[in-house]
Amino acid sequence: MSGEEPMASTHDCGSDAAAYALGALEPAEAEQFRAHMDTCVVCRDEVMAFQQVADALPMAAPQQPVPRGLRRRVLGQVHEEARAASRAAPSRRRVLMPRPALAGGLAAALAVATAGVIALASGGSGTAARVIAASVGHAELRLADGHAELVVNKLPQPASGHIYEVWLQRGAAEPSPTKALFSVTSTGSGDVDVPGNLHGVSEVLVTEELAGGSPFPTTPPVIVTHLS
Amino acid sequence: LPDLREIADEDLMQMIRDGEVRAFDVIFDRHSGAAFSLAYRMCGRRAMAEDIVQEAFVSLWRSGARYDRGRGSVRSWVLSAVHNRAIDAFRRETVKSGRDVRDDNLAEWLAADDRTDREVERRDEARQVRTALEGLPGEQRQVIELAYFGGFTHTQIAEMLSLPAGTVKGRMRLALSKLRLTLADGGLVS
């Protein structure tokens, strides 16, 4: 390090660079180290070298597919902000892609929450979709092209070690479990594909179960959606 | 219109600055997998990981003008934003003991199977980084895992491991130095 470092005596110049690159200094230490780097070319170079290594570390994380709902929420929010900005500042060029299933889909679904079964155009393809509002809980069941998706809202996060499980009820029979297990974001929203054949299904239910799911419901349903 | 998927990240960022939302879509699709993987690896809870990634990408959209290509790749910028937000979340909530990974069997994944050349290359790079980490002595790998993926500070790690803070920082330095040499051999760092 430089021999004229005003901060030299206040921290460990020799090893702070690694901790800094890893984000492992205490906030006050990090602030102090940033000030130190303004005058210490050795630490600055060392941080630059270590930062390259730290930037590569995320690649060591096991790769996970992106949850479908995350993509919809992020693109939905950004497209909405783009539209709002375009209205507020028309001089800034905004090219908007009409993507009802992404940007407007969730908002549209929520807007019709009390309307029961509603037919709407989906994705510009002309394919009819149905949105069914839940009779218990805040949720929408979206049916299109033989595919069903449950979009929930205002649902509390399940207790630690628990998860939400989707069930299919056919008439008076016991509800059938599905592989659809899901959690919700901190704002209580989430969505999940409803697997299996919905033929003869009268209700789609959601209960809170132990992580991993249950073969039979152990708690009262927090979401009930009537199909018939 | 050109196929935006053929355009380099840095040029897409310029388009984002101009308000082109389709450029943002491409950036999201390219990097959200790595971003979510990092967030999930760090916090072990899906809902929290999703919130972190959502915040990071929305912030990218809002602050795209702050991206400086001279300071690294878009991917590094995105992942750095995710990392910082995860650490902020840990320190804000102080819920480290509440982290768990028991909800990893959820059935709502996208069946994304991107086999572009760039993805193949990235998988190879990921393998190199994992191998390099596994090649570290256990006590050095431990402090890297706790600091980078766990979001713990060196003083917290020192308390956990009953070690002097200087020892922890020394192990971090040794570990990053070794990783740098290994990754430089593979051309991953300069």
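Residue numbers begin at 1 in each chain, while the letters A, B, ... track the order of the sequences.
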Ranking Ala23(B), Ser32(B), Ala184(B), Gly170(B) by heavy-atom pairs under 4.5 Å to chain A gives rank one to Ser32(B)
Please check this pair: side chain of Ser37(B) against backbone of Ala61(A), looking for a donor-acceptor N/O pair closer than 3.5 Å. no
Interface residue of largest heavy-atom contact number with chain B, from Glu29(A), Glu149(A), Met48(A), Gln51(A), under 4.5 Å: Glu29(A)
Using a 3.5 Å distance criterion without hydrogens, assess whether the side chain of Arg85(B) forms a donor-acceptor pair with backbone atoms of Asp51(B). no
Give, as side chain, backbone, both or neither, the part of Ser80(B) having an atom under 4.5 angstrom from any heavy atom of chain A. neither
Taking side chain as everything from C-beta outward and backbone as N, CA, C, O, which of these in Ser177(B) sits under 4.5 Å from a heavy atom of chain A? Side chain, backbone, both or neither. both
Under the 3.5 angstrom rule, does the side chain of Ser63(B) hit a backbone N or O of Ser59(B) as a donor-acceptor pair? yes
By ring-ring contact (aromatic ring centres under 6.0 Å, His included), His83(B) pairs with (sequence neighbours left out) Tyr148(B)
Of the backbone (N, CA, C, O) and the side chain (C-beta and beyond), which part of Leu176(B) lies under 4.5 Å from a heavy atom of chain A, both, or neither? both
Who among Asp55(A), Val78(A), Thr178(A) has the most heavy-atom pairs with chain B under 4.5 Å? Val78(A)
Sorted by chain and residue number, the salt bridge (Lys or Arg N to Asp or Glu O under 4.0 Å) partners of Glu203(A) (sequence neighbours excluded) come out as none
Just by distance, no angles: are the side chains of Thr219(A) and Glu208(A) close enough, under 3.5 Å, to form a donor-acceptor pair? no
Side chain from CB out, backbone as N, CA, C, O: work out which of these in Ala49(A) comes under 4.5 Å of a heavy atom of chain B, or both, or neither. both
